[in-house]
Amino acid sequence: MKQNILSSMWFKAFVTILSFMVIPIIALTSIAQKTNMQTSLQQKQISDLAALESFSNTLSIYLNGIENLGNSIVNNPDIQEYFEKNNNIAEEKGKSYYLQIDSSSTFNTLIEKEPSIVSYSFLDKDGYLIGEQLLDRNRLNWFFNPSFFEELDRTSANWSPTFTISNPNNQEKQNVFSMLYPCNKSSNFLGYIVLYIDINYLNEILSGFTDDIYILENSNIIASKNNVPFRTNLFQFNKINYSFLTNDSSVIVTTSSTPLIITTQLYDRLNFSIISISSYEKLVRDVAASSPNLFAYATFGIIFAIVSAFLIAQMISRPIRSLEKVMNRVSDGDLDTRFRPYTRDEVSRLGITFNTLLDTIQNLMVRERNQQKQQQHLQLQVVQEQIKPHFLYNILETISGMISCNKKEDAITTIQNLAQFYRMSLNNGKDIIPISDEILLTQNYLNMQHKRYIEFMDYVLAISPAIYRYSIPKLTLQPLIENAIYHGLKENCQKGIVCISGYLENNRIVFEIYDNGCGIEEHLLKELADNMHEEATTLPHFGLSSVIKRLNIYSNNNATLNIDSQLNEYTCVTISFPAKEDS
Amino acid sequence: MIKIFIADDEFYIREHLKNSIDWNSYGFEIVGDANNGIDAYERIKITSPDIAIIDISMPRCNGLELIEKLNKENRSIKYIILSGYNEFEFAQKAIKLRL
């Protein structure tokens, strides 16, 4: 039988085992990959924060340097004297005096060491610019307004937000943030020295870092590694909404183009935010590049799973396929083939049971064949019995004798008996006939034998009409009667009687053939009983075995034959078989 | 007259043998008959026939046994054996053995 491979047991086992192996491999690989990604992200955040921290430290060191510079400037006696002198003059002449003096080149040596400081200014104790001739005073006055001035600390350094200074002579503008350092002499507040620091210096510090770091004031970029224009809005720059950012942590923000990892740290000394921006995809690529082994292991695992599943499926399905092959051979007619079990599993037990079944079938077939052969043999015997040439020859001789003795009536009757006997026994070749026909046949036979052995026998035929409608194998009674005549009555050499009775008992047909002849010797009786079912055709009573075999075939081994005898007294043969109506 | 004895187990066969031939006109005389071997032996001893027509199959003592028994007594009897269809070979064998 041709079968679809998709519905085969092999395929089902293969797919099941493969699924059980491959699904965990894929799941574990995926989990490992995700864990790897998360670990990498955490590592990335830590390293980004460390970079920001490092930048903060660098910036702090720088600012500390500036503060130290400021401190050294305000403690300089010349400076203190400059503040005291000008404060005193302004008190006499008014603040407009400051416009007449020029402080721009007085103390240049103080700031020469620090190139990031682009300029400096002096503010008196009330916040007025002293001798500012270099920078645009209006712009500075607007920035250092009284409300700004009130919030300043008069004991330590103050840092301002970023702003723009300009030179009124050449209109050159510069973006700066500033430090205002207070100058005190004997707890007497004199004013502030203002140092302007070029914002570009932050870019210079940033250039020493590999990370993409931006410095924000509010949400505007004031310094960056890649020199983004001053005060570019972060959202305008790369569509990142500043409000999403949290200090000292990382977020993954999906912008219009690609997802970004943004780490933020607040630098509160200058009220700046420092952010580091890196590509999430690059991280994914880096992780993938650093963990190719994971995919290689998964691939090896899957290949191993396929091979294992194939081998296990083979192992499971092999006994069944072998059994199937045996069964196919059997269905093709080869009953000698047998399943050879290699294991002790259920399939092998099934195969052994199948072998037993085959043995039984073969035995049954042999028995059936033998039975058919026997039946054919018996049928042939019956045919021989029917036409019995020597009987015909003898009976014709008898008829001839009758005629020569002028026993015309007897001759006619005998010829009629003979004719009827042959007509009934041939009976269109049918082997099973109604009992009524068998009785008629027997009657004719008995009549003829009675005529032949008129000196030896008489007969009585006592049959219950109730059994006429049942059936019987043809010529069952004739061999038994023949035995009674030849081996019972004739051997006695005096006139005897054959009684044939037939009746129904417990739904079985019973026939008794009795003769008061010479009887059977005890040892012979025993031998007969022993050989009843053998092919004992050499025995003088061979008719018995033929009768019982035919009855057993007819009644499915439900027939019996008994011989009862007393030497020199009688013999009684009883046969019995289930009553079956003639179909 | 040549004396003839007939031994056969069938009544009508014996009668047929007696009636079918006019024995007297050919110089024969039927001196007796029997329907079994033992009776035949007794009667042959009494009647001393020249020819005995004997059926090979007879009850109690068959034809061959009867002839054997009579031969042992050195009687000068010629035998005619009657045999049935299925006894012919048996009879031939008996003749070869000069029973």
Side-chain angles (χ1 to χ4, degrees), chain A residues 381 384-385 387-415 417-418 447-458 482-496 515 517-519 537 540 542-543 568, chain B residues 4-26 28 30 32-46 53-66 69 80-94:
Chain A
Q381 250 182 24
Q384 284 169 345
E385 205 73 34
I387 57 165
K388 248 183 193 170
H390 78 275
F391 175 74
L392 184 62
Y393 161 82
N394 287 338
I395 205 78
L396 288 174
E397 283 288 332
T398 306
I399 293 165
S400 166
M402 284 172 180
I403 294 166
S404 70
C405 294
N406 287 323
K407 294 278 184 181
K408 189 181 161 194
E409 293 300 319
D410 282 349
I412 291 168
T413 312
T414 308
I415 288 168
N417 288 149
L418 185 65
N447 275 345
M448 287 188 282
Q449 290 294 54
H450 180 237
K451 289 279 164 16
R452 282 179 72 193
Y453 304 116
I454 199 154
E455 296 159 304
F456 298 108
M457 70 170 279
D458 271 327
E482 189 176 304
N483 284 343
I485 294 169
Y486 285 91
H487 305 293
L489 297 183
K490 265 179 75 186
E491 288 295 321
N492 224 11
C493 289
Q494 52 183 304
K495 197 157 191 173
D515 73 80
C518 61
T537 46
F542 79 90
N568 298 323
Chain B
I4 289 180
F5 189 90
I6 300 171
D8 196 302
D9 59 352
E10 284 186 56
F11 170 76
Y12 282 111
I13 299 292
R14 294 202 306 277
E15 289 306 305
H16 179 49
L17 276 173
K18 286 179 201 169
N19 297 336
S20 57
I21 300 162
D22 186 1
W23 298 98
N24 290 331
S25 63
Y26 292 106
F28 295 102
I30 305 218
D33 66 340
N35 66 7
N36 67 72
I38 290 176
D39 284 357
Y41 176 68
E42 295 300 329
R43 285 175 197 172
I44 284 168
K45 277 210 289 191
I46 298 167
I53 302 172
I54 294 172
D55 183 15
I56 208 160
S57 71
M58 280 189 298
R60 297 185 87 174
C61 171
N62 71 36
L64 295 180
E65 285 165 347
L66 175 63
K69 222 164 154 184
I80 296 170
I81 298 172
L82 298 178
S83 84
Y85 178 80
N86 58 344
E87 296 148 349
F88 191 69
E89 274 184 32
F90 182 39
Q92 280 181 319
K93 206 169 155 189

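As a basis for the values below, the full set of heavy atoms in this structure was taken, side chains included, without hydrogen atoms, waters or symmetry mates. As the structure is a prediction and not an experimental result, all values here were calculated from the model. Note on naming: letters A, B, ... go to the chains in the order of the sequence lines (proteins, then strands), and numbering restarts at 1 for each one.
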Answer with side chain, backbone, both or neither: which region of A:Phe456 has an atom nearer than 4.5 Å to a non-hydrogen atom of chain B?
side chain
Non-hydrogen atoms of chain B under 4.5 Å away: do they reach the side chain of A:Asp410, the backbone, both or neither?
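For A:Asp410, side-chain heavy atoms alone lie under 4.5 Å from chain B.
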Please name the pair of heavy atoms, one in A:Gly401 and one in B:His16, separated by the smallest distance, quoted to 0.1 Å.
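Looking at all heavy atoms of both residues, the shortest contact is CA-CB, 3.3 Å.
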On a heavy-atom basis, the closest approach of B:Ile13 and A:Thr398 is CD1-N, 4.0 Å
At a 4.5 Å cut-off on heavy atoms, which part of B:Asn35 comes close to chain A: side chain, backbone, both, or neither?
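Both backbone and side chain of B:Asn35 come within 4.5 Å of chain A.
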Let me confirm one number: the [atom1]-[atom2] distance from [X] to [Y], rounded to the nearest 0.5 Å.
X: B:Asn36; Y: A:Lys490; atom1: CG; atom2: NZ; value: 10.5 Å
X: B:Lys18; Y: A:Ser404; atom1: NZ; atom2: OG; value: 11.0 Å
X: A:Arg452; Y: B:Asp9; atom1: CZ; atom2: CG; value: 7.5 Å
X: A:Lys451; Y: B:Glu10; atom1: NZ; atom2: CD; value: 13.0 Å

All salt bridge (charged side-chain N to carboxylate O under 4.0 Å, His left out) counterparts of A:Asp515, not counting sequence neighbours
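Scan of A:Asp515 (salt bridge (charged side-chain N to carboxylate O under 4.0 Å, His left out), adjacent residues dropped) gives none.
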Which residues pass the side chain to side chain contact (heavy atoms under 4.5 Å, CB included) test with A:Ile415, not counting sequence neighbours?
A:Ile399
